[in-house]
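Single-structure report; data block below.
In what follows, every chain begins at residue 1, and chains take the letters A, B, ... in the order their sequences are listed.
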Amino acid sequence: MSIIVADEPRVGPVPPEPAPLKTNYLNARSGILSWLLTVDHKRIGILYLVSLTAFFVVGGLAAGLVRINLLSPTGAIMTEDQYNRMFTAHGVVMLFLFLIPSIPAVFGNFFVPMMIGAKDLAFPKLNLASWYVYMIGAGFMVWSVLAGGIDTGWTLYPPYSSRYSQSNVFPGAFGAFITGFSSIMTGLNIMVTVHKMRCPGMTWGRLPLFIWAMYATSFIQLLGTPVVAITLTLLCVERLAGIGIFDPAIGGDPVLYQHLFWFYSHPAVYIMIVPGMGVISETITCFSRKNIFGYKAVAWSSVGIAVVGFLVWAHHMFVAGISYYSAILFSFLTMLVAVPSAIKVFNWTATLYRGSITFQAPMLFTLAFLVLFTVGGVTGLFLATLGTDIHLHDTYFVVAHFHFVMVGGMVLAYLAALHYWWPKMTGRMYSDFWSRASATIIFVGFFFTFVPQFVLGYHGMPRRYPNYPAEFQVYNVLSTAGASILGFGYLLPGFYLTLSLFFGDKATANPWSATGLEWQTPSPPSTFNFDRTPVVVCGPYEYAIGVDQLGRGLPEPPGPGSADDPASHHGPTGPAGPMHKETHVVG
Amino acid sequence: MSANHHGEVLKHHFDNLEQQHAAERLGMWFFLVTEVLFFSGLFVAYTVYRNWYPAEFAFASSHLILWIAGVNTGLLITSSLTMTLAIRSAQLGDRRALIRHLLATFVLGAGFLGFKALEYYTDINERFVPGVMFRTELAKAEEELAASHGAAGHHGTAQHWAADLAKNNAGKSYTDPGYISPGRVQLFLCFYYIMTGIHGIHILVGLGCILWLVQQAAAGKIPRENYSTVEVVSLYWHLVDMIWLFLMPLLYLAGAGTHAAGH
């Protein structure tokens, strides 16, 4: 089935606004147990949202303390040992408890079934179990932090972590091991759901790009996470038994740990970023009122990243004494993995071209993502290049690169997703002004925080050092100042999103005039998502002709709605306007 | 019967049983992929070290208890057969045969664990455990060897492996050909305990699942339409068996033909 498009693209009939549901997934049942024992994918998404926010605050506070300590060349507030424990806490909490689960666990859980027209994920109980497993793992990590922290850095390299560290390595490593299973459960669930639960008409070529990205992410989770699980098991055994296979005293090789660790932990950065890329494909089309440029290229580049991402791990070990020839090979492969990411960025940019762009908060976060992720990606190439990496390895250049990709990229994509889908999840609109202000403040704060770190790293300031020469102080002070702006920017959504729950306007079913199936349900949706199984008739981004995936017309996008508003249907380039965008219906 | 059971078996979020079974099977296959990768980390590490230290691996391997491993292999392969027969019984809706075959599988799997426990018990009695036990036992063997220097044969109290190792290394320095590094022998033993231990945990989980199936079958909750529950558990059970088929030669036959010593 596909839409019959006449000579002129045309606007289909706009369906009437569905009446808000009396019983939706939020008020269908009440009481704390109805949340703790729920098998509804949407409620589990909310459980994850609440817990992830809590851990984001914890990891953010640790980062703030690290930055404050770096105000002075000799350490402003902490001893060296405390400093080690603080940056490790920041890394462990942010990576294992926030970034890895982030988008898959919150928005993947919530929206994958809705976007493919299913009633739930394939294994609802497994889904709930994944949250409990996550919380148990998090409990072990909290234990390790409360008992005094870990001083090894989040990478837990032996023999330091196994033999010599005086800190709480075991609960931390064991916690990471356990949260890994939660990640596997989520990934497995999403993969099976995408394979088996798509509604009629939802072919692979009509899947929203967010689904493609989630599928690619789940693939990495499934193949990578078990390897780090066994690696951490071996580390825990070595730590507890005092003897193990990475122990150099009996002929073991600590570099083998690094290989096994990075075999997962490098692909893990793609677990973190690829879902964000999926979100960007959703928001950038919606807020530029244009079909995605190069659907297949964007879809397959997600899969390309997932596959090639497994072949690059040893670029973390260029100075660990690996063979010169394998280093050359890994350098080459690392550059290769930049190609699919670049394909995405080019396609997004082309999507913006001649689009009718409006600047609501999700779009501001998206545009910030585009800039920051591109800077992060390009500086990654400096590190992929063997020669420059020798100079830049383990300096603040790496820290800045990683944060550009993970914070500038992933966290902004997470915020874009949160702002984009918030009306659907809660049924409320948040403050337009404050959300835009927050996006702007975060963008500016981010730049001030991490651009000085590129300079620091280039001039040779090593990461993880509490002390530095006095001439570096100005950059560190700049960075810390930027971090406080950034921190303030992060606080704002906490306020206006919370306030929106009580005082926000009621959201319509499709406030952004988006095409996906998730918007064709009332806000907030019912427990079973759709009152009847939807039938999909076209691709996911038919903005140019103004048609959703069910083949119905789109409501007027937010904005003045006058004829000179380019985003309007009747605007110059709108679907009903005189200069409507050229398109052909895909899928 | 089918219409009645249909409603109970089909979960609300699936359109039909076919979709539900396909999802369950696919989910289990994906899980098996993660299991393979979990063990593959161990296999990779094993391969690296065995390539580096072939003599030590051969020595240590030939001092493990081969007959127990052989019996256990037989038990597990047979249990795979009974498990498959259980699927057939479930498909036929033959509840008694289903329970019988599941119980047979359980007994065979439990037998495996029993023999495994016997093997661990013997190993620990022989002080064939990396770390302090290994070092003290070897030191004792070296002392006894020095004391009985010149005497033919050995009549000491040190365990077989320690005496062998002490005898092999007597008068050699670690750079000499034929020297067996005690450290690397312990490295092999780390692999031995970790690999068989993790495999044993998997068997234990499988036995738990089989018991659960027996209980479900006895309660009449596995009608013909729901045979895929048995199939999904069997997929897991077969994988655990298969991993043993890799572990067994890697651990017990690494020294085949190089040492006549051993049990």
Side-chain angles (χ1 to χ4, degrees), chain A residues 39-41 113 118-126 180-181 184-185 187-189 191-193 195-197 199-200 218-219 221-234 237-238 241-253 255-257 259-261 263-264 528-529 533, chain B residues 11-16 18-49 52-53 56-57 129-135 174 180-195 197-198 201 232:
Chain A
V39 287
D40 179 356
H41 64 103
K119 295 195 196 87
D120 205 326
L121 286 167
F123 308 114
K125 285 180 193 160
L126 187 73
F181 286 101
I184 291 175
M185 288 172 180
L188 188 146
N189 222 335
M191 256 178 116
V192 174
T193 306
H195 267 284
K196 296 293 174 196
M197 313 275 287
C199 69
S218 307
F219 174 84
Q221 286 175 317
L222 231 52
L223 296 186
T225 318
V227 179
V228 84
I230 188 67
T231 313
L232 291 173
T233 309
L234 291 167
V237 167
E238 188 162 337
I243 191 163
I245 73 155
F246 304 121
D247 186 355
I250 59 168
D253 184 5
V255 176
L256 181 67
Y257 171 88
H259 276 292
L260 291 173
F261 179 81
F263 180 82
Y264 164 77
F528 299 115
N529 301 342
T533 307
Chain B
K11 295 182 178 121
H12 76 273
H13 57 294
F14 291 107
D15 293 334
N16 50 51
E18 205 180 324
Q19 186 192 27
Q20 178 175 330
H21 289 169
E24 284 169 359
R25 270 196 295 268
L26 189 67
M28 182 45 85
W29 276 109
F30 282 151
F31 176 69
L32 298 189
V33 168
T34 70
E35 286 285 3
V36 168
L37 275 144
F38 186 76
F39 278 95
S40 72
L42 282 173
F43 287 136
V44 164
Y46 175 95
T47 310
V48 169
Y49 290 130
W52 284 346
Y53 315 133
E56 284 84 357
F57 271 47
V129 181
V132 182
M133 277 193 192
F134 187 98
R135 285 195 298 271
Y174 69 94
I180 304 271
S181 149
R184 294 164 186 180
V185 171
Q186 293 180 70
L187 191 67
F188 175 90
L189 289 176
C190 288
F191 275 107
Y192 165 71
Y193 283 105
I194 293 171
M195 283 172 145
I198 292 178
I201 292 171
V232 161

Would you please name every residue forming a side chain to side chain donor-acceptor pair (under 3.5 Å) with B/R25, sequence neighbours left out?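 Only B/E231 meet the side chain to side chain donor-acceptor pair (under 3.5 Å) criterion with B/R25.
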By a 4.5 Å heavy-atom criterion (distance strictly below it), what part of [X] contacts chain B: side chain, backbone, both, or neither?
{"X": "A/A229", "result": "both"}
{"X": "A/L234", "result": "side chain"}
{"X": "A/I245", "result": "both"}
{"X": "A/D253", "result": "both"}
{"X": "A/I184", "result": "side chain"}

What residue, out of [options], has the most heavy-atom pairs lying under 4.5 Å from chain B?
{"options": "A/V227, A/T193, A/T231, A/V228", "result": "A/V227"}
{"options": "A/G187, A/G242, A/P124", "result": "A/P124"}
{"options": "A/A122, A/P113, A/A118", "result": "A/A122"}
{"options": "A/L256, A/N189, A/T533", "result": "A/L256"}

What is the distance from atom [atom1] of [X] to atom [atom2] of [Y], rounded to the nearest 0.5 Å?
{"X": "A/K119", "Y": "B/F14", "atom1": "NZ", "atom2": "CZ", "value": "10.0 Å"}
{"X": "B/S40", "Y": "A/F263", "atom1": "OG", "atom2": "CZ", "value": "7.0 Å"}
{"X": "A/L223", "Y": "B/F30", "atom1": "CG", "atom2": "CZ", "value": "9.5 Å"}

B/L189, part contacting chain A, at a heavy-atom distance under 4.5 Å: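 For B/L189, there is no contact with chain A at all, as no heavy atom is under 4.5 Å.
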Counting only heavy atoms closer than 4.5 Å, note whether B/W52 contacts chain A via side chain, backbone, both or neither.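 Side chain of B/W52 only, per the 4.5 Å heavy-atom cut-off to chain A.
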Can you give me the closest heavy-atom contact between A/I230 and B/G41, atom names plus distance?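 Looks like CG2-CA, 3.9 Å.
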Short question: side chain of B/Q186, backbone of A/I250 - any donor-acceptor pair under 3.5 Å?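 Pair absent, no side-chain N/O of B/Q186 close to backbone of A/I250.
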So does B/L26 get a backbone contact from the side chain of A/H195, meaning a donor-acceptor N/O pair under 3.5 Å?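 Looks like no, no N/O pair under 3.5 Å.
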Can you find a pair of side-chain heavy atoms, one from [X] and one from [Y], that are under 4.5 Å apart?
{"X": "B/E24", "Y": "A/F123", "value": "yes"}
{"X": "B/L37", "Y": "A/T225", "value": "no"}
{"X": "B/Q20", "Y": "A/K196", "value": "no"}
{"X": "B/T34", "Y": "A/M185", "value": "no"}
{"X": "B/F31", "Y": "A/L188", "value": "yes"}

B/Y193: which residues meet the ring-ring contact (aromatic ring centres under 6.0 Å, His included) condition with it, sequence neighbours left out?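 Checked B/Y193 against ring-ring contact (aromatic ring centres under 6.0 Å, His included); matches are B/Y120.
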I need the residue from B/A45, B/A23, B/G131 with the largest number of non-hydrogen atom pairs under 4.5 Å to chain A.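 Looking at each option in turn, the highest pair count goes to B/A23.
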Assess whether ring pair (Phe, Tyr, Trp, His ring centres under 6.0 Å) is satisfied between A/F528 and B/H12, documenting all intermediate values. CA-CA 9 Å; A/F528 299 115; B/H12 76 273; 5.1 Å; yes
